[in-house]
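Okay, so here's the structure we're looking at.
Counting starts at 1 for both ligands and their atoms, in listed order.
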Amino acid sequence: MAGRVAGKKAFVTGAAQGLGAAIAWALAEEGAKVALADVNFVGAEKLAAEINQAHGANTAAAYELDVTDEEQWKRALEAANAAMGGISALVNNAGISGGRGNIEELELDNFRRVMSVNVDSVFLGAKHALKYMRENQPGSIVNISSIAGLIASHNTPAYNASKAAVWLLSKNIALHCAKQKLDIRSNSIHPTFIDTPILDPLRQVFGKDEAEAKLSRQVPLGRIGKPEDIAAAALYLVSDESGFMTGAEIKVDGGISAM
Ligand code: NAD
């Protein structure tokens with residue numbers, strides 16, 4: 001089958017909706033098999049059925065996975081490896097924004113929860129997927145950080161800290177793989193505000209139009225991003241087109257970090 005990622009076997013977390021779903025669609029459209037892992041198993045199953053309808057049976061399958069749970073990671077990866085006949089790409093996308101509140105307000109439990117979902121996930125995913133990926137080279141690990149991992153704001157301590165951790169953990173994984181002489185790359189993507197359900201809490205506070213206008217005013221290109229904007233970057237990183245790129249970060253932020 002032709003396609004930019006034909007023959008790739010990709011494991012995507014948080015794939016039931018939002019960026020994960022858009023990334024899964026983009027990979028499937030370009031010839032990859034996709035394992036859709038999410039704590040929302042029903043949502044992942046629904047998407048798998050839609051992708052299979054569009055791109056043929058066995059293009060996609062759903063796996064129940066809470067990315068903070070090591071045993072679930074082992075089970076889901078083993079099952080996806082068996083079903084797809086290998087794993088050559090891991091997209092660590094699942095993440096939460098967590099409660100707002102400045103450093104004096106945010107509860108420790110909340111901080112730990114955000115760190116666990118956003119960072120333990122990348123650690124566990126890479127730790128356990130490499131066993132399969134080393135058998136399916138060339139491979140690519142794509143970690144969805146955020147522009148908030150590079151630029152702080154005053155009231156998102158957990159999100160800032162967690163996404164900064166994802167940024168450097170991606171480089172650590174890249175150097176480990178290179179040192180092991182594996183043709184497995186690891187890079188991070190740093191989106192700004194993208195139109196997904198993660199923005200719903202803000203929409204509830206200000207109303208949809210005002211919330212999106214508020215966010216758009218902060219972006220030099222004058223709009224929030226589309227999930228496809230991020231899927232395009234992920235597709236490039238999963239494909240062999242980015243074969244000499246590892247330990248790098250791609251900012252897809254409408255210019256916000258240029259200011
Ligand atoms: P979303 O809330 O629309 O989707 C997140 C998905 O992750 C959901 O399907 C959810 O069920 C799943 N998920 C949540 N916790 C999980 C867990 N413990 N285990 C497994 N799955 C879990 O969010 P999104 O906007 O698509 O965000 C995806 C990634 O992109 C996140 O890492 C987020 O931080 C990052 N990001 C998003 C934006 C944005 O504005 N949308 C900007 C920068 C970075």
Side-chain angles (χ1 to χ4, degrees), residues 11-26 35-48 62-73 75-77 80 90-100 110 112-125 142-153 156 158-167 169-170 188-204 211-212 214-216 218-219 223-231 233-234 249-254 256-257:
F11 189 97
V12 183
T13 69
Q17 66 178 40
L19 299 188
I23 291 167
W25 268 114
L36 313 179
D38 205 295
V39 73
N40 174 8
F41 180 64
V42 173
E45 265 194 318
K46 184 169 173 286
L47 182 65
Y63 299 89
E64 183 150 27
L65 173 65
D66 178 337
V67 290
T68 67
D69 185 318
E70 186 163 22
E71 291 310 311
Q72 287 190 29
W73 262 112
R75 278 201 299 274
L77 287 168
L90 169 66
V91 182
N92 279 310
N93 162 78
I96 56 173
S97 56
R100 287 189 166 249
N110 200 328
R112 285 189 172 145
R113 177 70 189 153
V114 174
M115 293 299 284
S116 179
V117 175
N118 293 359
V119 188
D120 292 4
S121 55
V122 176
F123 171 77
L124 291 172
V142 180
N143 297 320
I144 308 298
S145 174
S146 170
I147 209 65
L150 304 172
I151 299 172
S153 61
T156 52
Y159 197 66
N160 285 145
S162 68
K163 291 302 186 178
V166 171
W167 176 47
L169 187 50
S170 302
S188 55
I189 298 178
H190 301 257
T192 189
F193 320 113
I194 312 293
D195 184 7
T196 75
I198 212 173
L199 301 182
D200 285 351
L202 206 66
R203 291 183 177 110
Q204 275 152 21
E212 290 175 11
K214 259 178 177 304
L215 296 176
S216 299
Q218 299 176 50
V219 181
R223 65 168 175 90
I224 62 171
K226 302 186 291 280
E228 295 73 25
D229 294 324
I230 306 308
E249 55 286 290
I250 298 184
K251 295 184 273 182
V252 187
D253 70 348
I256 211 166
S257 62

For a quick test of reading the model, state the closest non-hydrogen atom pair linking [X] to [Y] and the distance between them.
| X | Y | result |
| --- | --- | --- |
| N143 | S170 | ND2-OG, 2.9 Å |
| N118 | K163 | ND2-CE, 3.9 Å |
| V252 | A233 | CG2-CB, 4.0 Å |
| P227 | I194 | N-CG2, 3.5 Å |
| G149 | W167 | O-CE3, 4.3 Å |
| F41 | Y63 | CD1-C, 3.8 Å |

Taking both backbone and side-chain atoms of [X], is any N or O found less than 3.5 Å from an N or O belonging to ligand 1?
| X | value |
| --- | --- |
| L19 | yes |
| Y159 | yes |
| I96 | no |
| Q17 | yes |
| N40 | no |
| F193 | no |

What atoms of ligand 1 come closer than 4.0 angstrom to any heavy atom of [X]?
| X | answer |
| --- | --- |
| G14 | 6 (C), 7 (O), 9 (O), 12 (C) |
| S146 | 43 (C), 44 (C) |
| G18 | 3 (O), 26 (O) |
| P197 | 3 (O) |
| I144 | 29 (C), 30 (O), 32 (O), 35 (C) |

Determine whether any heavy atom of [X] lies closer than 4.0 Å to an atom of ligand 1.
| X | result |
| --- | --- |
| A37 | no |
| I147 | no |
| D66 | yes |
| K163 | yes |

Do [X] and [Y] have side chains that approach each other closer than 4.5 Å (heavy atoms only, starting at C-beta)?
| X | Y | result |
| --- | --- | --- |
| K251 | I151 | no |
| I144 | P191 | yes |
| I256 | Q218 | yes |
| D120 | V67 | no |
| I147 | F193 | no |

Among all protein non-hydrogen atoms, which one is nearest to [atom], and what is the separation to 0.1 Å?
| atom | result |
| --- | --- |
| atom 17 (C) of ligand 1 | V67 CG2, 3.6 Å |
| atom 20 (C) of ligand 1 | L65 O, 3.0 Å |
| atom 29 (C) of ligand 1 | N93 O, 3.0 Å |
| atom 24 (P) of ligand 1 | T196 OG1, 3.5 Å |
| atom 40 (O) of ligand 1 | I194 N, 2.8 Å |
| atom 23 (O) of ligand 1 | I198 CB, 3.5 Å |
| atom 42 (C) of ligand 1 | T192 O, 3.1 Å |
| atom 21 (N) of ligand 1 | V39 N, 3.4 Å |

Would you mind checking if D195 and R203 are paired as a salt bridge, meaning a charged N to carboxylate O distance below 4.0 Å? yes
Closest to atom 43 (C) of ligand 1 by heavy-atom distance, out of P191, G225, A44, is P191
For atom 44 (C) of ligand 1, which of the options S145, A148, G95 provides the nearest non-hydrogen atom? S145
With a 4.0 Å heavy-atom cut-off (strictly under), which part of P227 contacts ligand 1: side chain, backbone, both or neither? neither
Tell me if a side-chain donor or acceptor on [X] pairs with a main-chain N or O of [Y] at a distance below 3.5 Å.
| X | Y | result |
| --- | --- | --- |
| T68 | V117 | no |
| N160 | S153 | yes |
| S162 | A158 | yes |

